[in-house]
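Working notes, structure below.
Reckoned from all heavy atoms, side chains included, excluding hydrogens, waters and symmetry mates.
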Protein chains: 2
Amino acid sequence: MTKKSTRLAKTSAEGGDHPSATRAEMPASNRAARALERRAAIVEAAMEEFIARGFAATRLDDIAKRAGVAKGTIYLHFKDKESMFEELVRIVIVPVVARLTALPPPTGSVRDLIEAFAGNFLKEVIGTRRGDLVRLIVAEGPRFPAVADFYYREVVSRGIAAMRGLIELGIARGEIRQKDLARYPQILVAPAMIAVIWQSLFARHAPLDAQDMLRVHLDLIFGERRTT
Amino acid sequence: MTKKSTRLAKTSAEGGDHPSATRAEMPASNRAARALERRAAIVEAAMEEFIARGFAATRLDDIAKRAGVAKGTIYLHFKDKESMFEELVRIVIVPVVARLTALPPPTGSVRDLIEAFAGNFLKEVIGTRRGDLVRLIVAEGPRFPAVADFYYREVVSRGIAAMRGLIELGIARGEIRQKDLARYPQILVAPAMIAVIWQSLFARHAPLDAQDMLRVHLDLIFGERRTT
DNA sequence: TGACGATGACTGACTAGTCAGTCATAAATG
DNA sequence: CATTTATGACTGACTAGTCAGTCATCGTCA
């Protein structure tokens, strides 16, 4: 009468019951480890779906399917769709911030420092899943104040502060002319943000060489690099 | 039973005479005119709702209510929700482009030209409903290729071309040093775009003086303005 | 060590609710 | 009165969230 046959079919059909052979899955460590793995799978899957479809249009069924988990399982890890989305942003962003905060030793010219930063950003954000996350936050931010707040606090305000510090250093060292720039570090990062958005929206129409663009922008700020 | 109180304040100044005074409402011109009004009301309402909630989360019932029409009426003007959204973007953007394309006579320095442009942009886009539209397009673009295409064709590519022209002029006239800038007009507009997004997302955390920021940015490109 | 009951992670059918789109009916118009 | 336009109750498809039941794993004890 009941249709519980699914799991049975799978298990019983496999005559031999070596865990490894039967379970197409993992070395099946202990429960806790498996749970963590599953949670990670859900986060990963949810990420993809939310980026591809936005919050409202994403179905939890799809996330579950992609993560290889039953829908109910999601609710063992997250309270509901909304808080799942909010946690998601935290989960994905925190390690990135952590990595970037571990800044390289301040050696060399300010331009070199910023260039290193830009190179990182290029490699790690522009054109990657993380870049899409940024677009997603721009998209959903107004409907998720908690997300916008978090993003401002953890990423934007820190980033702005760091850039301001760099700019002031550059001014002090005479590398940067324009003193007012320190008041608007946004100007420094604007082209990078534009590059992120451009890749998501217009890359197919007109590919953008983000690296070259950022170089030109830095030339604008520091003066043309002399190949002397 | 019905609450027809909605379309009151509109155009009651029309030559109303014959209809009984009972209709405190519109003397209403002819059918075609009313239809256009309604269509406009729907577009306006849809705009608000889509901006506030995004495409997927917007309910047609809400649009209808806000526009003061029945839901069925929407379907007299638009095929379905999706094409409504796409048409909407066109309807709202076309006049803006038209207005901006009617550029002022190229008098004065390039910097003055661009400053006039920026001033316009500031007044007409940043911090207005139209700014939100830009954010909406960024948000929904990936899910609406038609919208992204249209926006690229009508706004982005034209804007980029126009900016490139201005930059080249500035280089020719010796106002702009950095020749490579002509290859990336995006750099010129990046801070303006950032300002649009900033106002939507972070204004409540840290208000941004967009005008001043744009001035600083232009100083960066043209050199500090001499108070001549 | 091996057997066995307790545990709780996991499942997916199900409920309750939502909303795009339809259409029979009503109002307005000419 | 015939025709065009508007209405909003209704339908059917879809989905967030639930929960009774299952079973792999774990702790315990002979």
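- Below the 3.5 angstrom threshold, one finds no donor paired with an acceptor across the side chain of B:K81 and the base of C:dG21.
- If you measure from atom CD of B:E37 to atom P of C:dA28, you get 16 Å, rounded to the nearest angstrom.
- Considering only the side chain of A:A70, C:dT11 comes nearest among D:dG8, C:dG21, C:dT11.
- When the P atom of C:dC10 is taken as reference, atom NE2 of A:H77 falls 5 Å away, rounded to whole Å.
- In the set C:dT11, D:dA16, C:dA20, the nucleotide with an atom closest to the side chain of A:V69 is C:dT11.
- Checking D:dT18, D:dA6, C:dT11 against the side-chain heavy atoms of A:Y75 singles out D:dT18 as nearest.
- Heavy atoms of A:L60 sit under 4.0 angstrom from primed sugar atoms or phosphate atoms, though from no base atom.
- When the nucleotides D:dA6, C:dC10, D:dG17 are ranked by their closest atom to the side chain of A:D80, D:dG17 comes out on top.
- With sequence neighbours left out, the side-chain contact (heavy atoms from CB on, under 4.5 Å) criterion links B:V156 to A:W198, A:F202, B:Y151, B:Y152, B:I160.
- In this structure, B:F85 has its ring center at least 6.0 angstrom away from the ring center of B:F78.
- Tested against A:M47 for a side chain to side chain contact (heavy atoms under 4.5 Å, CB included), the candidates A:L133, A:I91, A:V89, A:I42 yield a single pass: A:L133.
- Heavy-atom distances to DNA chain D give each of B:G72 and A:K79 a nearest nucleotide, and the one nearer the 5′ end belongs to B:G72.
- Taking only side-chain atoms of B:R38, from C-beta outward, the nucleotide of C:dT11, D:dT15, D:dA6 with the closest atom is D:dA6.
- For B:K71, counting side-chain heavy atoms from C-beta on, the closest listed nucleotide (C:dA20, D:dT5, C:dC10) is C:dA20.
- A:R53 places its CZ atom 14 Å from the P atom of D:dC14, with the value rounded to the nearest Å.
- Counting to the nearest Å, the P atom of D:dG8 and the CZ atom of B:R59 are 18 Å from each other.
- Atom CZ of A:R183 sits in a crowded spot, with more than 12 heavy atoms from other residues, nucleotides or ligands closer than 6.0 Å.
- Atom P of nucleotide C:dC10 and atom CD1 of A:I74 are separated by 12 Å, given to the nearest angstrom.
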